[in-house]
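Residues: numbered from 1 along the sequence shown.
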Amino acid sequence: MASLLHLLLLLSLSLLVLSSAAPSPSPSPTPADEGAYIGVNIGTDLSDMPHPTQVVALLKAQQIRHIRLYDADPGMLIALANTKIKVIISVPNDQLLGIGQSNSTAANWVKRNVIAHYPATTITAISVGSEVLTSLSNAAPVLVSAIKNVHAALLSANLDRLIKVSTPLSTSLILDPFPPSQAFFNRSLNPVIVPLLSFLQSTNSYLMMNVYPYYDYMQSNGVIPLDYALFKPIPPNKEAVDANTLVRYSNAFDAMVDATYFAMAFLNFTNVPVLVTESGWPSKGETNEPDATLDNANTYNSNLIRHVLNKTGTPKRPGIAVSTYIYELYNEDTKPGSLSEKNWGLFNANGEPAYILRLTNSGSVLANDTTNQTYCTAREGADPNMLQAALDWACGPGKIDCSPIKQGEACYEPDNVIAHANYAFDTYYHQTGNNPDACDFNGVASITTTDPSHGTCVFAGSRGNDRNGTSVNITAPSANSTTSSGIQNELYYSRGMWSIFAVIVLNVANVL
């Protein structure tokens, strides 16, 4: 009997090796938010959208604590559970009519997408549609009804004081935006905007606005200076002056936000705060968009982050900063439209930054220092069987592309578990945004500043990734990927399973 118990214990421990090879980061505590914050939008028009767990790992690594989704994807909401990342979820425009026409449809939507996940997932607001009044005019008559139906469902669940409801508007609805003191909403839409603002005021919610100085600059035919749009310092004689209030504006963002405040005041709403749900700058564009560049995108977003976090507010409301969501986390290569529409992202799909934001002394959000590259490799003296198990996990459930370490490829040699584990661990580590928690693998991996690249095998994050014309593909595969590399990973994973099975057999033999 003792031998049988010993046998069962060995089998259990061996299975534990298999199940625990994956890194299992525990959520780190998130400090309480104070005042204004920066969030990020997450679009999904990517040819190879990262798995939700990889998205969340990137958010944690970049200390992004506020995000906005354009839907209520259950995979994302599950991955966000217990992370303390605050989430705005959205009713997509194509579901607006049904929710606006039916209380029960709204109640079912809230039950499925909010109650099923809250409070483990910190949902803070629901965005009902997006720019409906300018992009889906036929739904305008039911917009406020949809918002009220969603709020009523939250009220029934006693969540109405915890989760705000609003809808993002485009600044193009504001006519005569400069000087800001003369701004007003398109009067033809007052039958929708007035009850909307009344609802927001009565529920202590905020008006969501999408603010894009880039588009105003592009459409101004040279009237708006580039430096004014980019938050760059400009001399006092170049500042824009509101002739009615004599207030001076040094950037287009503040002027657009204040135009929103004045437009609401024109309708006698003076205590509805503004939340900027989208703002950003494209890093690449067509020939007719010469200012859609990496440098300008970096300048705008870096200055925007600093501007929001220093809590100066706007000239109309000094000291009352406007929290803002950057558009967007990833470049969306399959998004319809021009080249610039696909290139608003801070990161590429593989988690590598499109550019390094210039955020010295501007807090921790999005301020990762990539000047000192780090890598994830096998820990010296690690047990080979544990290494093999971790390698198998990375190439299997971890969903990294292990094809470069198959026979005949650049990283196959040297053909041993340490070298192959180095490649797999480092690829996974960079795929998750250099998250330290992703470089553990049950204690057999560690972070190093030594570049493990060798010959034509160039590791992710290596400064020599162009030295031989060879680059490593660390694109994070989608959850339902069925590529040939995924098949290769499964074969590699199976091979490793046999090595662990051999350990089990040896242990059993010792017992018998």
Item to check | Heavy-atom donor-acceptor pair, Ser90 side chain to Leu69 backbone, under 3.5 Å | outcome: yes

Next on the checklist: Determine whether Lys164 and Asn204 satisfy the following criterion, side chain to side chain contact (heavy atoms under 4.5 Å, CB included), listing intermediate values before the conclusion.
Outcome noted: CA-CA 8 Å; Lys164 305 291 187 185; Asn204 295 314; 3.8 Å; yes

Next on the checklist: Quick check for you: to the nearest 0.5 Å, what is the distance between Asp440 atom CG and Cys376 atom SG?
Outcome noted: 8.5 Å

Checklist entry - Passes side chain to side chain contact (heavy atoms under 4.5 Å, CB included), Leu58 versus Gln54? Steps please. => result CA-CA 6 Å; Leu58 177 60; Gln54 295 165 338; over 6 Å; no

Item to check | Taking every non-hydrogen atom, the tightest pair across Tyr429 and Ala438 | outcome: CA-CB, 4.5 Å

Checklist entry - Minimum heavy-atom separation for Ser323 to Ala36, with atom names? => result OG-CA, 3.3 Å

Next on the checklist: Distance check, rounded to the nearest 0.5 Å: Ile67 atom CD1 versus Leu80 atom CG?
Outcome noted: 4.5 Å

Checklist entry - So do the side chains of Arg187 and Phe266 get within less than 4.5 Å of each other, counting heavy atoms only? => result yes

Next on the checklist: Could you check whether any side-chain N or O of Ser283 sits under 3.5 Å from a backbone N or O of Asn343, counting only pairs where one atom can act as donor and the other as acceptor?
Outcome noted: yes

Item to check | Interatomic distance, Ser172 atom OG to Leu133 atom CG [nearest 0.5 angstrom] | outcome: 9.5 Å

Item to check | Of Leu136, Val132, Leu97, the residue whose pairing with Leu143 passes side chain to side chain contact (heavy atoms under 4.5 Å, CB included) | outcome: Val132

Checklist entry - CD1 of Ile64 to CD1 of Ile326: how many Å apart, nearest 0.5 Å? => result 8.0 Å

Checklist entry - Given the rule in the side-chain hydrogen bond (donor to acceptor under 3.5 Å, both in side chains) test, do His430 and Asp426 qualify, once you have shown the distances and angles that lead to the verdict? => result CA-CA 6 Å; His430 281 86; Asp426 186 65; 3.3 Å; yes

Next on the checklist: So if I apply the side chain to side chain contact (heavy atoms under 4.5 Å, CB included) rule between Ile115 and each of Leu154, Leu159, Ile123, which one comes out positive?
Outcome noted: Leu159

Checklist entry - Is any side-chain heavy atom of Ile38 closer than 4.5 Å to a side-chain heavy atom of His66? => result no

Next on the checklist: Quick check against the 3.5 Å criterion: does Asn298 have a side-chain atom that pairs as donor or acceptor with the backbone of Leu294?
Outcome noted: no

Item to check | By salt bridge (charged side-chain N to carboxylate O under 4.0 Å, His left out) - contacts of Asp295 (at least two apart) | outcome: Arg358

Item to check | Among Leu275, Leu197, Ile193, side chain to side chain contact (heavy atoms under 4.5 Å, CB included) partner for Leu207 | outcome: Leu197

Next on the checklist: When you measure from the side chain of Asn296 to the backbone of Leu230, do you find a donor-acceptor pair of N or O atoms at a distance under 3.5 Å?
Outcome noted: no

Next on the checklist: Side chains of Gln182 and Asn244, heavy atoms from C-beta outward: is any pair under 4.5 Å?
Outcome noted: yes

Item to check | Asp45 versus Thr334, side-chain donor and acceptor atoms under 3.5 Å | outcome: no

Next on the checklist: Walk me through whether Ile147 and Leu196 qualify under side chain to side chain contact (heavy atoms under 4.5 Å, CB included).
Outcome noted: CA-CA 9 Å; Ile147 292 171; Leu196 169 64; 3.6 Å; yes

Checklist entry - Does the pair Phe185 and Met264 meet the rule for a side chain to side chain contact (heavy atoms under 4.5 Å, CB included), with working shown? => result CA-CA 8 Å; Phe185 289 108; Met264 286 194 287; 3.9 Å; yes

Next on the checklist: Please check this pair: side chain of Asn271 against backbone of Gln201, looking for a donor-acceptor N/O pair closer than 3.5 Å.
Outcome noted: no

Item to check | Trp344 backbone acceptor or donor facing Glu328 side chain under 3.5 Å | outcome: no

Next on the checklist: Heavy-atom count check: over 12 atoms from other residues, nucleotides or ligands less than 6.0 Å from Lys148 NZ?
Outcome noted: no

Item to check | ring pair (Phe, Tyr, Trp, His ring centres under 6.0 Å) partners of residues 79-109, not counting sequence neighbours, each pair once | outcome: none

Checklist entry - Between Leu173, Asp176, Ile174, which is the residue that forms a side chain to side chain contact (heavy atoms under 4.5 Å, CB included) with Phe184? => result Asp176

Checklist entry - What ring pair (Phe, Tyr, Trp, His ring centres under 6.0 Å) pairs are there with at least one residue in residues 269-313, not counting sequence neighbours? => result Tyr214-Trp281, Phe231-Tyr300, Phe231-His307, Trp281-Tyr300

Checklist entry - Under 3.5 Å, is there a donor-acceptor pair between the Ser338 and Glu286 side chains? => result no

Checklist outcome for this item: When every non-hydrogen atom of Ser279 is compared with those of Val211, the smallest separation belongs to OG-O, 2.7 Å

Item to check | Minimal non-hydrogen separation, Pro168 against Ser127, with atom names | outcome: CD-OG, 3.2 Å

Item to check | Arg65 to Tyr37, cation-pi by 6.0 Å centre distance and 45° axis angle | outcome: no

Item to check | Euclidean distance, Asn237 CG relative to Arg248 CZ, rounded to 0.5 Å | outcome: 8.5 Å

Checklist entry - Going by atom types alone, do Asn303 and Arg306 pair a side-chain donor with an acceptor below 3.5 Å? => result yes

Item to check | Any donor-acceptor N/O pair, Ser220 side chain to Tyr217 backbone, under 3.5 Å | outcome: yes

Checklist entry - Around Lys335, counting heavy atoms of other residues, nucleotides and ligands shown, do more than 12 lie under 6.0 Å from its NZ? => result yes

Checklist entry - Going by heavy atoms in the side chains, are Thr299 and Lys232 under 4.5 Å from each other? => result yes

Checklist entry - Can any side-chain N or O of Thr121 pair as donor or acceptor with the backbone N or O of Leu77 at less than 3.5 Å? => result yes

Checklist entry - Just by modelled atom types, is the Phe199 backbone N or O under 3.5 Å from a matching donor or acceptor in the Thr203 side chain? => result yes

Item to check | Side chain proximity check, Pro50 to Leu46, heavy atoms < 4.5 angstrom | outcome: yes

Next on the checklist: Taking Gly39's backbone N and O only, do any of them form a donor-acceptor pair with Arg68's side chain (distance below 3.5 Å, no angle check)?
Outcome noted: no

Item to check | Beyond-backbone contact of Ile78 with Pro52, side-chain heavy atoms, under 4.5 angstrom | outcome: no

Item to check | Polar contact flag, side-chain donor to acceptor under 3.5 angstrom, Asn41-Glu278 | outcome: no

Checklist entry - Can you find a pair of side-chain heavy atoms, one from Asn210 and one from Ser130, that are under 4.5 Å apart? => result yes

Checklist entry - Can you find a pair of side-chain heavy atoms, one from Val276 and one from Val257, that are under 4.5 Å apart? => result yes

Next on the checklist: Could you report the tightest heavy-atom contact between Pro282 and Ser340, atom names first, then the distance?
Outcome noted: CB-O, 3.8 Å

Checklist outcome for this item: Correct closest heavy-atom pair for Lys342 and Asn331 would be O-CB, 3.4 Å

Item to check | From Asp242, Val241, Ile234, residue fulfilling side chain to side chain contact (heavy atoms under 4.5 Å, CB included) relative to Tyr249 | outcome: Asp242

Next on the checklist: For the OH atom of Tyr330 and the CG atom of Asn348, what is their distance to the nearest 0.5 Å?
Outcome noted: 10.0 Å

